[in-house]
Amino acid sequence: MDKVIITAALTGAVTVPTQTPYLPYTIEQLAEDAEQCARAGAAIIHIHARNPANGAPSSDMELFGEILKAIKARTDAIICTTTGGGVGMTPADRVRVVPMWQPELATCNMGSMNFSVHPAARRFADGDYKFPWEKQWLLGSEDFIFPNTFASIKHFLGEMKKTNTRPEFEIYDVGHLYNLDFMVREGLVEKPIWLQFVMGVLGGIRATLYDLTHLLDTANRLFGPGNYHWSVIGVGYPQQFHMCTAAIMLGGHARVGLEDNIFVSRGKLGRNHELVEKIVRIAAEFDREPASSAEVRAFLNLKGKDQVGF
Ligand code: KMH
Ligand code: ZN
């Protein structure tokens with residue numbers, strides 16, 4: 001696709017409210033950010049649920065549903081729900097959103113790994129934290145293993161198949177492509193394959209051009225060019241814009257948002273839609289305009305907004 005598919009990852013489960021006042025976590029804030037990002041050019045909105053009282057990541061399915069309904073009411077964008085969840089959530093907690101709310105698109109994380117943000121805690125003194133849960137959340141990730149066994153990936157894919165929810169495969173390292181290739185050979189994956197290269201997590205591959213070309217070479221070898229589509233996440237600043245610009249140049253697609261990076265330019269905190277606007281400006285310089293949600297639905301063979309369970 002000549003046009004660029006822009007995903008806005010609004011909140012995630014890693015960024016803490018102390019890091020930026022712009023992190024949305026109430027239903028209203030998430031819906032407002034989703035609408036602004038869609039207007040700015042995002043075709044896909046990636047969503048995690050947070051407790052509206054204190055911003056803590058949440059696996060409360062009723063709350064998740066309220067967020068999804070509020071976003072659906074305000075935008076035609078495709079909603080991609082997380083099944084990655086956050087620290088402390090079990091795979092059963094994480095996958096529940098699929099049978100419960102039957103989204104068009106949901107993440108499928110392709111391997112178990114260390115996944116840490118503990119160095120972020122060094123930037124804050126105890127008195128800096130907005131909410132009591134945040135410090136331990138950051139520090140505790142030093143001992144966190146993000147569990148995505150073959151059994152659970154298979155289970156997640158089975159749940160998605162039942163609800164005609166398309167998987168977005170989160171690839172944090174080269175081995176995750178081999179895990180996906182195994183799943184393809186097992187007959188558990190339908191085309192088109194939609195990859196999200198997640199680069200720069202502490203525990204996964206780095207966000208460098210060398211690493212991106214290695215991921216692409218491996219994906220081409222395993223699946224064949226043209227048999228998959230890809231987008232990229234660069235965690236942190238300036239990696240978010242470096243990796244997304246490279247993707248724009250190389251025919252891939254781009255994910256931005258406060259889940260992955262809080263700065264719009266050096267030292268300047270950004271709002272979600274400002275991050276989208278920046279990548280839209282960069283893409284325009286390379287003659288790529290943002291794909292609409294309708295174009296992405298056709299391209300990724302999604303079931304449509306009227307077929308979701310919210
Ligand atoms: N938090 C990102 C690094 C998911 O939600 O399942 C990856 C992600 C995965 O967005
Ligand atoms: Zn996420």
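Numbering of ligands and ligand atoms starts at 1, following listing order.
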Legend entry - Phe124 six-ring centre to Lys135 NZ/CZ under 6.0 Å and within 45° of normal: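 So Lys135 doesn't make the cation-pi contact.
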Inset, instruction - Find out whether the Lys NZ or Arg CZ of Lys268 is both under 6.0 angstrom from the six-membered ring centre of Phe263 and within 45° of the ring's axis. - result: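 Judged by the rule, Lys268 and Phe263 form no cation-pi pair.
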Inset, instruction - Could you grab the angle centred on the Zn ion (ligand 2), going from NE2 in His46 to NE2 in His48, to 10°? - result: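 Between NE2 of His46 and NE2 of His48, at the Zn ion (ligand 2), the angle is about 100°.
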Inset, instruction - Output the atom name for the N/O/S atom of Glu259 with the smallest distance to the Zn ion (ligand 2). - result: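 Answer by atom name: OE2.
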Looking at [Y] and [X], is there a salt bridge between them, counting it only when a charged N and a carboxylate O are closer than 4.0 Å?
{"X": "Lys154", "Y": "Glu186", "value": "no"}
{"X": "Glu295", "Y": "Lys3", "value": "yes"}
{"X": "Asp2", "Y": "Arg288", "value": "no"}
{"X": "Arg271", "Y": "Glu274", "value": "no"}
{"X": "Glu32", "Y": "Arg74", "value": "yes"}

Quick one: look up the protein heavy atom nearest [atom] and list residue, atom name and how far away it is.
{"atom": "atom 10 (O) of ligand 1", "result": "Glu259 OE2, 2.7 Å"}
{"atom": "atom 5 (O) of ligand 1", "result": "Thr82 OG1, 2.6 Å"}
{"atom": "atom 7 (C) of ligand 1", "result": "Tyr172 OH, 3.1 Å"}
{"atom": "atom 3 (C) of ligand 1", "result": "Val198 CG1, 3.6 Å"}

Select one of side chain, backbone, both or neither to describe which atoms of [X] lie under 4.0 Å from any atom of ligand 1, heavy atoms only.
{"X": "Gln196", "result": "neither"}
{"X": "Asn109", "result": "side chain"}
{"X": "Arg255", "result": "side chain"}
{"X": "Phe115", "result": "side chain"}

Inset, instruction - Verify the ring-centre separation between Phe64 and Phe310: is it less than 6.0 angstrom? - result: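 When the ring centroids of Phe310 and Phe64 are compared, they turn out to be at least 6.0 Å apart.
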Inset, instruction - Would you mind running through ligand 1 and noting each atom that sits below 4.0 Å from a heavy atom of His48? - result: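 Going through ligand 1 atom by atom, the ones under 4.0 Å from His48 are 5 (O).
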Inset, instruction - Output yes when the distance from some N or O of ligand 1 to some N or O of Gly84 is under 3.5 Å, and no in every other case. - result: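 Looking only at distances, the answer is yes, because the N/O contact criterion of under 3.5 Å is met.
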Legend entry - Any N or O of Thr107 closer than 3.5 Å to N or O of ligand 1: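 Yes; the residue has a nitrogen or oxygen that sits under 3.5 Å from a nitrogen or oxygen of the ligand.
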Inset, instruction - Tell me, please, if Glu170 has any N/O/S atom, main chain or side chain, under 2.8 Å from the Zn ion (ligand 2)? - result: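 It does not: Glu170 brings no N, O or S atom closer than 2.8 Å to the Zn ion (ligand 2).
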Legend entry - Working for ring pair (Phe, Tyr, Trp, His ring centres under 6.0 Å), residues Phe197 and Tyr172: CA-CA 6 Å; Phe197 294 131; Tyr172 299 76; over 10 Å; no
